[in-house]
Protein chains: 2
Amino acid sequence: MARTREFDLDAAVDAAMDVFRRKGYEGTSMRDLSEATGLGSGSIYAAFGSKDGLYLAVLDLYRQRYATPMVDLLRSGNDPRAVIREVFIGAVDDITGDGRYLSCLIVGASMERAHQDVRVAERLRSTTQSLELALYDLLAEAQLRGQITTDRSATDLAGFLVTSLQGLRVMGAINPDRAALTRYAEVALTCLN
Amino acid sequence: MARTREFDLDAAVDAAMDVFRRKGYEGTSMRDLSEATGLGSGSIYAAFGSKDGLYLAVLDLYRQRYATPMVDLLRSGNDPRAVIREVFIGAVDDITGDGRYLSCLIVGASMERAHQDVRVAERLRSTTQSLELALYDLLAEAQLRGQITTDRSATDLAGFLVTSLQGLRVMGAINPDRAALTRYAEVALTCLN
DNA sequence: GCGGTACTTTGTCGATCGTTCCAGATAGCG
DNA sequence: CGCTATCTGGAACGATCGACAAAGTACCGC
């Protein structure tokens with residue numbers, strides 16, 4: 001064997017995610033990424049191959065950190081309305097979080113990269129579909145128990161809820177008003193009645 | 001006096017809008033804009049001052065062309081539910097339009113530029129607020145007439161509807177399925193019941 | 001402790017970025 | 001019709017882009 005890698009790969013991806021969320025893909029330079037990660041550009045290319053490669057790694061980390069826990073929460077077996085509300089509140093918190101203007105990577109990638117890079121498009125579809133599926137399972141079960149409306153199919157309700165989540169992220173970027181976003185989320189939840 | 005300007009300014013802005021919608025702000029180069037508008041870079045700088053200046057002009061044209069007609073429709077005096085549905089259908093049509101992947105400039109600008117340029121942020125807030133206001137007036141009137149629910153304030157309902165519109169644009173970028181988007185929009189409208 | 005190997009660093013590559021400037025073309029005015 | 005102010009397209013600017021090669025460094029197995 002040989003010399004071991006000195007830096008924490010995950011920490012580097014984490015730092016890169018921060019930059020990409022603030023500046024977008026095209027707006028971020030390799031220099032920005034070098035400074036944020038503390039790595040030379042050579043190391044970045046050795047580890048990720050290219051700027052695109054690092055972006056994909058960031059996307060995967062984002063999914064693992066934010067989307068997966070959301071899905072787990074939805075599948076936790078708790079009251080449907082309660083967990084869905086929790087997901088929405090969590091999203092609003094994330095949007096209005098610390099004032100550092102960290103856009104949602106998913107929404108940003110959808111707008112900026114989905115049409116340019118098929119690998120990005122695949123990851124986005126996969127992420128939203130797993131979220132939709134978790135919502136579907138939860139809602140279909142709730143419909144059987146008579147806990148929510150059966151006027152609309154669980155599929156449509158799940159898709160609508162994901163749509164609302166994405167919309168909240170956009171609205172939050174325009175005007176990060178936590179109270180208002182929370183009320184909009186509450187209105188969305190009334191569609192389950 | 002002397003020589004008059006030869007090209008149509010509005011047509012140039014129109015062509016530039018097309019490029020910005022496809023490639024985003026950072027992803028678009030002055031070369032792209034020159035080719036799209038058919039103008040030399042000198043003419044562009046003489047007319048708009050900078051890339052940012054042209055982008056702001058594009059944003060204003062977008063508002064004039066898409067947001068203003070939407071507001072007019074909402075204020076046309078027709079049945080509330082009908083005009084709101086029409087607005088949503090129109091948005092879905094726009095999203096899934098011609099397969100040329102023309103992202104919504106508003107959403108794209110929200111994600112990519114709102115946090116970098118205050119003039120962009122101002123325009124975005126102004127545009128969404130005029131849309132929210134038109135919806136508010138329509139909904140408040142409808143509430144008085146008992147046509148829609150009074151469980152939620154007209155303010156919240158208006159904000160929620162705008163949120164849903166933005167969400168549809170994001171979902172459309174990920175998966176441009178017109179039928180699905182239409183069903184999600186229908187679910188959103190049930191919140192008025 | 002030594003050779004080999006993997007990782008890090010540094011410097012630099014050609015290309016392209018947004019911007020500016022200039023020479024030539026053109027239309028209105030006397 | 002000449003004069004001149006304005007517009008036009010393209011050349012050229014310094015800076016920075018993403019990417020890479022070569023040199024230096026630390027660790028492993030032996």
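Protein chains get the first letters and strands the later ones, always in sequence-line order, with residue 1 at the start of each.
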Asker: Output the rounded distance in Å from CG (A:Leu39) to C1' (C:dT10).
Answerer: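 These atoms are roughly 14 Å apart.
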Asker: Taking side chain as C-beta onward, heavy atoms only, is B:Thr37 less than 4.5 Å from B:Val19?
Answerer: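 Result no, sub-4.5 Å side-chain heavy-atom pair not found.
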Asker: Establish, from distance only, whether the side-chain atoms of B:Arg31 and B:Ser41 form a donor-acceptor pair under 3.5 Å.
Answerer: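 No donor-acceptor contact under 3.5 Å links the two side chains.
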Asker: Within 45° of the axis and under 6.0 Å from the centre of the six-membered ring of A:Tyr66, does NZ or CZ of A:Arg21 qualify?
Answerer: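 A:Arg21 over A:Tyr66 ring: yes.
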Asker: Going by heavy atoms in the side chains, are A:Gln166 and A:Thr128 under 4.5 Å from each other?
Answerer: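 Yes - at least one pair of side-chain heavy atoms lies under 4.5 Å apart.
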Asker: Check whether any side-chain heavy atom of A:Ile95 lies under 4.5 Å from a side-chain heavy atom of A:Met171, and answer yes or no.
Answerer: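 When only atoms from C-beta onward are counted, A:Met171 and A:Ile95 do not touch, as no gap falls below 4.5 Å.
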Asker: How close or far is atom P of C:dT10 from atom CD of A:Glu35, stated in whole angstroms?
Answerer: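 It works out to 13 Å between those atoms.
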Asker: Could you state the atom-to-atom distance from OH of B:Tyr55 to P of C:dG18 in whole Å?
Answerer: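 After rounding, the gap between these two atoms is 14 Å.
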Asker: Find every protein N or O atom lying less than 3.5 Å from an N or O atom of nucleotides 15-17 of chain D, and list the pairs.
Answerer:
| from | atom 1 | to | atom 2 | distance (Å) |
| --- | --- | --- | --- | --- |
| D:dC17 | OP1 | A:Ser29 | OG | 3.2 |

Asker: Begin with the C-alpha distance, continue with both residues' side-chain angles, and end with the deciding distance and a verdict on side-chain hydrogen bond (donor to acceptor under 3.5 Å, both in side chains) for A:Asp117 and A:Tyr25.
Answerer: CA-CA 12 Å; A:Asp117 187 332; A:Tyr25 177 80; over 6 Å; no
Asker: Under a plain distance cut-off of 3.5 Å, with no hydrogens placed, do B:Thr190 and B:Asn193 share a side-chain donor-acceptor pair?
Answerer: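 No, no side-chain donor-acceptor pair sits under 3.5 Å.
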Asker: Between atom CZ in B:Phe48 and atom P in C:dT20, what is the gap in whole Å?
Answerer: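 Distance check: B:Phe48 CZ to C:dT20 P gives 16 Å.
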Asker: Atom pairs under 3.5 Å, N or O on each side, protein against nucleotides 20-23 of chain D: can you list them with distances?
Answerer:
| from | atom 1 | to | atom 2 | distance (Å) |
| --- | --- | --- | --- | --- |
| D:dC20 | N4 | A:Ser41 | OG | 3.0 |

Asker: OG1/B:Thr127 to CD1/B:Ile106 distance, rounded to the nearest 0.5 angstrom?
Answerer: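 Rounded to the nearest 0.5 Å, the OG1-CD1 separation comes to 4.5 Å.
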